[in-house]
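What follows is one structure encoded as structure tokens, with my remarks underneath.
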Amino acid sequence: MQLIVASGFLFAKPRNIPAWRTVPLHETFEGFAMPRPQVVVTDIVTVEMTEVIGRGLSAFNDDAAGYADRQAIAVVAKEPSSGAVLGGATGRSSLGLLFLELFYLPPDHRGVGLGTEILRAFEEEGRRRGCTAAVLYTISFQAPAFYERNGWQRFGEIACQPPGTSRIFLSKQL
């Protein structure tokens, strides 16, 4: 049997089986056994955890897709004199989709067109990167109407807490 560890996964190919397969770490092959990993639940997410999981998933996705195109994006509003970030939008592009993950503006900068300018710049950067659609989710007490005014369409909604609140999923063809 051949064993290979790649991207945090153990791959095994028994001699008489033509294909590779991912092997649970506690499974035994021809007397070779690995200890079962300890499963830990925590509310402290370390840089190591994020990097190991991210690298593993990225390697898997790159192999499946045949290419890697994920890239972070930020469109921010800065205070003119100090350059301090006041707010903006962050997300990423990957496999032809633009993901808007976070969007925040302080209350005194809302309602004056700045949010729309940031959203349009975010979408335009997605188009420039070859994205054909964008997705996001927001909470019912946040800004679903803002996104809908800017051409986004609801495709799902899930009730959450507190009572009467929901997560709203939106998309937009770019």
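If you're wondering where the values come from, they're calculated on a predicted model, not measured in any experiment.
Considering E123, R128, R129 as possible partners of L174, the one that fulfils the side-chain contact (heavy atoms from CB on, under 4.5 Å) test is E123.
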message = Evaluate R70 against N61 for side-chain contact (heavy atoms from CB on, under 4.5 Å), listing each step before the verdict.
response = CA-CA 10 Å; R70 80 192 58 70; N61 290 348; 4.1 Å; yes

Candidate pair L86 and H109, rule side-chain contact (heavy atoms from CB on, under 4.5 Å), full reasoning = CA-CA 9 Å; L86 300 170; H109 292 285; 3.8 Å; yes

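No side-chain heavy atom of I139 sits less than 4.5 Å from a side-chain heavy atom of I168. Two residues are said to be in side-chain contact when any heavy atoms from C-beta on lie closer than 4.5 Å; Y67 and D62 fail this criterion. Contact of the S94 side chain with the D69 side chain is registered, since non-hydrogen atoms from C-beta on lie closer than 4.5 Å. Two residues are said to be in side-chain contact when any heavy atoms from C-beta on lie closer than 4.5 Å; L136 and F103 fail this criterion.
Counting non-hydrogen atoms of neighbouring residues, nucleotides and ligands closer than 6.0 angstrom, the CD atom of Q71 exceeds 12 such neighbours. Within 6.0 Å of CD on E124 lie more than 12 heavy atoms contributed by other residues, nucleotides or ligands.
Taking hydrophobic clusters as Ile, Leu, Val, Met, Phe, Trp and Tyr residues chained together by side-chain heavy-atom distances below 4.5 Å, F141 does not share a cluster with L100.
Listed for the K172 side chain is a donor-acceptor partner under 3.5 Å among the backbone atoms of N150. For the pair T116 (side chain) and G113 (backbone), a donor-acceptor distance under 3.5 Å is absent. Panel note: side chain T42, backbone I44; a donor-acceptor pair is recorded below 3.5 Å.
Listed by first and then second residue, the side-chain hydrogen bond (donor to acceptor under 3.5 Å, both in side chains) pairs that reach into residues 137-147 are T138-Q142, sequence neighbours excluded. The salt bridge (Lys or Arg N to Asp or Glu O under 4.0 Å) contacts involving residues 74-92 comprise R92-E101, where partners must be two or more places apart or lie in separate chains.
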